[in-house]
Every structure is written in C-alpha cells, then in structure tokens.
Amino acid sequence: MEREKWSSLVWLGVGIFICIGSLRLSLGEFHNPGPGFLSFFAGLVIMGLALVLHVRSRKARPDAKQGKSEPIWRDRQKGFKMILTVAALLAYAVAMNYLGFLISTFLFLAVLLKTIEPQRWSVALIGSLVASAAFYIIFEIGLRSQLPKGLLQIF
Amino acid sequence: MFGFTDLAYGFSVILTLPNLFYCFAGCVIGTLVGVLPGLGPVAAMSLLFPVTLHIPPVSALIMMAGIYYGAMYGGSTTSILVNIPGEAASVVTCLDGYQMARQGRAGVALGMSALGSFIGGTLSIVALQMIAPPLAQVALAFGFPEYFSLICCGLVVLTFMARGSMAKALMMAAFGIFLGTVGTDLFTGVQKFTFGIKILYDGLGIVPVIMGLFGISEVLLNIEEGVTREVFNTKIKNLFPNLRDWADSAWPIARGTGIGFFLGILPGAGPVISSFTSYAVEKKVSKYPEKFGTGVIQGVAGPETANNAAVGGAFVPLLTLGIPPTPSMALLLGCLLSYGVQVGPLLIKNTPDIFWGVVSSMYIGNMMLLILNLPLIGLWVKILKVPYAILSPLILLFCVVGVYSINTTTDEVILMVIFGVIGYLMKKYAYEAAPMVMAMILSPLMENNLRQSLALSHGSFTIFFTRPISAVLMITAITLLVLPYLPWLKRKKWEGLEAAE
C-alpha cells in the first residue's frame, strides 16, 4: 500500500501539471472549444482518480505482508544491470549519429553481452560483430532502412 | 450471396506470385515475433515500414495483416512450451497449455491451438466479409457525435475489462487522452505540450511509445527479475488431437470465435481481452471448473480461437469507420494513409482491391500459418532455446532499428527508451499500459469529433444523447462506468476476475 500512496501522489502532480498547462493554452468556449479543452478534462479526471486512489491507500489497513514498503528491487545488483541497460540504450541512440550504425551497434551489443549475464570475451566480440553485420545487411541493404552512416559517410 | 464475385476478385488479387510472397513473408515474420517475448506485431510492422514504401499498397497491407495474425499463432507456442507468453494475447494460454505440456501433451496443445486459431481466424474473416459492407453503409450515417460516442464507449469497455483496478485503468485512459493531444493543434495551429521539441510537433509517435511501453519495459523487467526458461526437451509428437480432444474443444472453439469477433470489433478490446473473456466463459460453463489450470484442453482451445477471431473483428472498425481498434491496426491505418488511401465508409467502394485482396489473403495466410506452425514447430522451439542473455540485446536492437526506421531519427529512439522506463515503472506499480496506449491512439480522433460536435450543437452536450446511435453508445458507456460500483456486481466482477486468473 505504501507504493500506492506515493504513486497516486505522483499522478496527482501529473494531473495538476496537465490542468495548468491546458489553462495556459486556453480552454475556449463550449461552442468553440480551444486547444486546451480536452486535455484539461483529462487532467481533471487524473487528479480526481489520483485522489481517490490516495485516500483508498491511506484507509486500507496495512496487513502483515504488504505493510512494510518493499524495496522496488529485490536484488540491487540486478537493478543496477537494468539501469546500465537503459544508459547503454541512451548512449547508443546518441552515438549512432556520430559513429554510424555499424560501429555503435557493435559497441552496444558487446557492452550488453558483457553486462547482462557476462559472456566470454570471444563470445561477446564475435557475437556482436556477426549480429551488427547481419542487421546491417538485412535492414540497410535488404530493407533499405537508411540507417545512420556517421563516421563511415566518407566512404 | 454475400459478395462471392467480390471474393473471387479478391483471390485474383492475392493469387499472384509477388502477393503470395508478401503474404508468406508476413506470416513467417509474424510467427517469429510472436515467438520472441518482448517483440510484438507492432515491432515487426515498424521494422518493415520502409519496405512498404517500395511496394504497392495492397501488397503492403497483405504483409502487415500477415504479421498481425501470424503473431497470434506464434504467441501460443511460447506460452505452451516455456510458460512465457510471447504475446499479451496468449497470457491465458499459459495456464492450461503449459500444464498440458508438462503432462506430455505439448503436441496436442500446440496442435489444438493452431487448429483453433485457424478455425477462429477463418470464420471471423467470413463474418468480416459479411458484416463490413453493410456496416460501411450504416457508417455513412455516422457524424461527429456518433464517432465521439463510439470512441468513448470503446475506451470505457477497455477499462471495464481491465484486469486490475478500474480506477487505475480509467486514470491511464485519461493520461493516454492527454498524450494524444500533444502536438500541433489542428484548428488553431497552437503547439500543445511540445516544449519546443521538434519530434513532438506531429504528436507523440505511436511506434516509439508502444515499443517502449511493451517491448523495452519487458526486457528491462526480465533483466532485473531474471527469467528462468525451461524448454521441454521431449520430442513433440501427436500434433493432431484425437476425437475426444475434438469433442472437448468443439464448443470452446465455437464460443471463442463469437467472443473474439465481437470483442474484436470494439475499439480497444482486441485480442487480449477476448482471450481472457473466452477463458473466463469456458471456466464458467464447464462442468468441472476446478480442473482449469491443471491442463484442460478447453482452456487452450477457447482463448487461442478467440484471439485469432478478434483479428478479423478488428478489421471491421478500421475498414468501415477508419477507427483503429488496436495499436497494430493504428499502424496499418498509418500505412494506408501514407499511400493516400481514403480510410472510412467509402474504402470498400473506392478501393475494392485493398479490401477484398486483404480479406482473401487472410484465408490463404491462415492456411500458410497452419503449415508453418505444425510441421515447423521444432524450428520455433530452437529459437526459444537461445539463452535470454543473448536474446535480450537482440530484442533491444530490433526495437531500436524498428523505431529508427519509421522516421530515420534517433530522437524517437530516445523517446522509446523514456517510455520504456515509464512502462517498467507502471508494471512495478501495477498500472496497465493498454488503456493508455489505446486512448492515446484514439485521442486525436476523439478531440476532433468532440470539438466539431460541440460547434455543431452550439456548446450543448445534449447532442450526444439526442441522436439515436450516439445515445445508445453513450448510455452503454455510462452504464459500464457505474456498474462496477453496484455492490452485487462488484462481487461478480471479482469472481469473474478470479476465474480468469
């Protein structure tokens, strides 16, 4: 229930943010609704329901099992791996523009293969090399996906 | 009789070498993504988006449709063999399918789900073929208020059927409506919640949002919680069910077809909810409900039929009203629009090759899938045996390339990662993503029709209740909103939910 209490407060904040934003956009009149009209009502509904959820979570008797706020991660190390994956994805998205698809994909795959469940170096390197080449052939040459060239543009 | 000449025309469209190839390609890719957890039809469709720009619209549609119903077939394989649903629509198949596999009846479970899918899929196409043209005539009478009421009704049904708390589902739908309003205002040109970010000017992309919420978040969750996968090493034999199995499955298949098709028509409900409903119904009507979950064939035949029948149903609102009832249909709609095809009541009349070509391709595609799924099952099982530590980076890579291919910008990849984290948190805190995504997809249509309706009625909301079709839809929606709070029904819903769990 502890989780519910906090998550409902976050949604309350989201609702307030949407309502204020919509008011700034102008609601218009009923016969001529403005750009903020629909989102304002959506924001109101979110606020209302978030309040309901919050009150409900406060009223609920904390039973033995769920009373203590359980940590979001059961295993810190694995939680760290998840964050690392997110970071790798973001870095990959940025790097793709500069390094091009082939190099950045190779690095991305190698990093993940070494972190999620560490593979041997030979597996990680050869696997990433083969996979990035295969993706390049299938999507760039086969399906004409126009993947970023980056550094390789000069060729 | 109903359009036999039209259907013959449809077959003349599909029975050409290139179109048969695209149909086959769609079915294979669909089965593959259905088998891979974390990759759904949306991912596959967006990966192939660039190709569709180089081929005729009918071929593109045939391939996209193949991916969609192919994924439904593939999803059941993972549910039965590894207890991991490859597709959200196959979640309930795990309950009895996996138990059947443990009892050495994996072959029968796989065979029955493929055959049930084939029957449900085919019958729903017959129904689509019969219902769509007359419905398109009715749809011509639809004005702004009717469209608005229909969308409201669909979203309410979706939240009503949500597995968790209805309040949370409604809140997610409201948030989805907000997300759908992001972008440039169609009436005034004002920027709504775009914060000067270029990729938001055209609104939030459906593909990055969906792949983030469903694909990336799934992988993140699996990395953090770890997945234990146990594929059966036994040889899969006896794919064809015996007479007893057929006798047990005949009614579940018949009911599954009906449930799937009609729930599939509703905007928002789609294959996922129809498979859950079918399971709950089968448990309810069964003489031995306590045996459900221990490996009864009805628990596989019903839902697997329903989720395929829902595909035929889902084409009804898309091809007659231009309303996409599922995210995959929204992508199909995007594809049609990019060709300049006018989607709506006039589609069947103006572009018969598309409608009848796609319909007849689905007959052929279902047949191909039966062939692909029964004898080739060993191949799909091999893919499942690849360790997740190797599979997950590849799934992430598919998502990245898929999102990038749509608009060739890495900004959308970043958007996908953000929604991946949001989806991960939503799963942790038990918020459902489906109502949010559907609301986001339908929101622009909803806003347009709401604003036009209010302009038409000079600001009076009674317009939604004075026109008969709209009134029926609105009253249905309001009834569904109130129903769960009636005490005796509240109990019933919980019972139903427990049945479905």
Side-chain angles (χ1 to χ4, degrees), chain A residues 3-4 7 11 14-15 18 21 25-26 29-39 41-46 49-50 52-53 56 72-75 78-79 81-82 85-86 89-90 92-94 96-97 105 108-109 112-113 116-117 119 123 127-128 131-132 135 139 143-148, chain B residues 47-48 50-51 54 165 167-168 170-171 173-175 177-178 181 185 187-188 190 192-193 216 219-221 223-226 387-390 392-394 396-397 400-401 404-405 408 410-411 413-414 416-417 420-421 424-425 428-431 443 446-447 450-451 454-455 457-461:
Chain A
R3 281 188 185 185
E4 196 96 356
S7 69
W11 284 111
V14 171
I18 295 172
L25 283 171
S26 126
E29 310 279 332
F30 274 126
H31 63 88
N32 183 22
F37 189 77
L38 187 64
S39 48
F41 283 101
L44 273 188
V45 172
I46 294 174
L49 289 168
V52 170
L53 284 176
R56 224 196 258 172
I72 182 159
W73 293 330
R74 256 175 265 160
D75 180 343
K78 283 187 173 161
K81 277 181 187 172
M82 181 233 123
T85 311
V86 174
L89 272 168
L90 289 174
Y92 177 42
V94 176
M96 221 196 293
N97 291 321
T105 306
F108 171 71
L109 286 177
L112 287 189
L113 284 174
I116 294 178
E117 253 175 55
Q119 310 286 322
V123 175
S128 329
S132 40
F135 264 75
F139 290 101
L143 301 180
R144 295 180 248 185
S145 292
Q146 295 182 307
L147 298 166
Chain B
L47 281 168
L48 292 177
V51 193
H54 305 287
S165 133
K168 279 186 178 176
L170 269 178
M171 195 156 92
F175 187 59
I177 290 175
F178 158 72
T181 60
D185 189 56
F187 296 79
T188 57
V190 172
K192 297 186 288 188
F193 298 99
I216 303 282
V219 176
L220 293 181
L221 209 66
I223 288 176
E224 188 231 313
E225 295 189 336
Y388 196 72
I390 292 176
S392 56
L394 292 178
L396 290 176
L397 191 54
V400 170
V401 176
Y404 182 85
S405 316
T408 58
T410 49
D411 293 349
V413 177
I414 293 173
M416 172 183 76
V417 179
V421 175
Y424 168 82
L425 291 172
K428 282 260 158 186
Y429 289 84
Y431 287 87
S443 169
M446 196 176 176
E447 181 171 25
L450 171 69
R451 284 165 78 173
L454 286 178
S457 69
H458 305 290
S460 163
F461 280 91

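Here is the naming used below: chain letters follow the sequence lines, and residue numbers restart at 1 for every chain.
For the set A:L90, A:N32, A:V45, the count of heavy-atom pairs under 4.5 angstrom toward chain B peaks at A:L90. Heavy-atom pairs under 4.5 Å with chain B were tallied for A:G21, A:A42, A:P35; the largest tally goes to A:P35. Per-residue heavy-atom pair counts under 4.5 Å with chain A were compared for B:D411, B:V413, B:T181, and the maximum is reached by B:T181. The greatest number of non-hydrogen atom pairs below 4.5 Å with chain A, out of B:V421, B:I223, B:D185, is found for B:I223. When B:V400, B:I216, B:L397 are compared by the number of non-hydrogen pairs under 4.5 Å with chain A, B:L397 comes out ahead.
Residue contact with chain B, scored on non-hydrogen atoms closer than 4.5 Å, is absent for A:E29. The contact between A:L53 and chain B is made entirely by side chain atoms (from C-beta outward), counting heavy-atom distances below 4.5 Å. For a residue to count as touching a neighbouring chain, one of its non-hydrogen atoms must lie under 4.5 Å from one of that chain's; by this rule A:L44 does not touch chain B. Only the side chain of B:L450 comes within contact range of chain A, judged by heavy atoms closer than 4.5 Å. Proximity to chain A involves both the backbone and the side chain of B:L394, based on heavy atoms less than 4.5 angstrom apart. At a 4.5 Å heavy-atom cutoff, the contact between A:F108 and chain B is made by side-chain atoms alone. Using a 4.5 Å cut-off between heavy atoms, A:T105 contacts chain B through its side chain alone, with no backbone atom that close. For A:I116, the part sitting under 4.5 Å from any heavy atom of chain B is the side chain, from C-beta outward, and nothing else. In this structure, the portions of A:V86 lying under 4.5 Å from any heavy atom of chain B include both its backbone and its side chain. Of the two parts of A:L25, only the side chain, counted from C-beta on, holds a non-hydrogen atom closer than 4.5 Å to a non-hydrogen atom of chain B.
A:F139 CZ to A:L147 CG: the interatomic distance, rounded to the nearest 0.5 Å, is 8.5 Å. Taken to the nearest 0.5 Å, the CD atom of B:E447 stands 7.0 Å off from the CZ atom of B:F187. A distance of 4.5 Å separates CZ of B:F178 from CD1 of A:I18, quoted to the nearest 0.5 Å.
Looking at heavy atoms from C-beta onward, A:T85 lies out of side-chain contact with B:V219 at the 4.5 angstrom threshold. Using a 4.5 Å heavy-atom cutoff, the side chains of B:S392 and A:L112 are not in contact. Side-chain contact between B:K428 and B:L221 is present, with heavy atoms from C-beta onward closer than 4.5 Å. Counting only heavy atoms from C-beta outward, the side chains of B:Y404 and A:P148 approach each other to under 4.5 Å. With a 4.5 Å cut-off on side-chain heavy atoms, B:I177 and A:F41 do not count as touching.
Without hydrogens or angle criteria, B:T408 side chain to B:S405 main chain gives no donor-acceptor distance under 3.5 Å.
Taking the six-membered ring where tryptophan is involved, the planes of A:F37 and B:F461 are essentially parallel, since the angle between them stays under 30° and well short of 60°.
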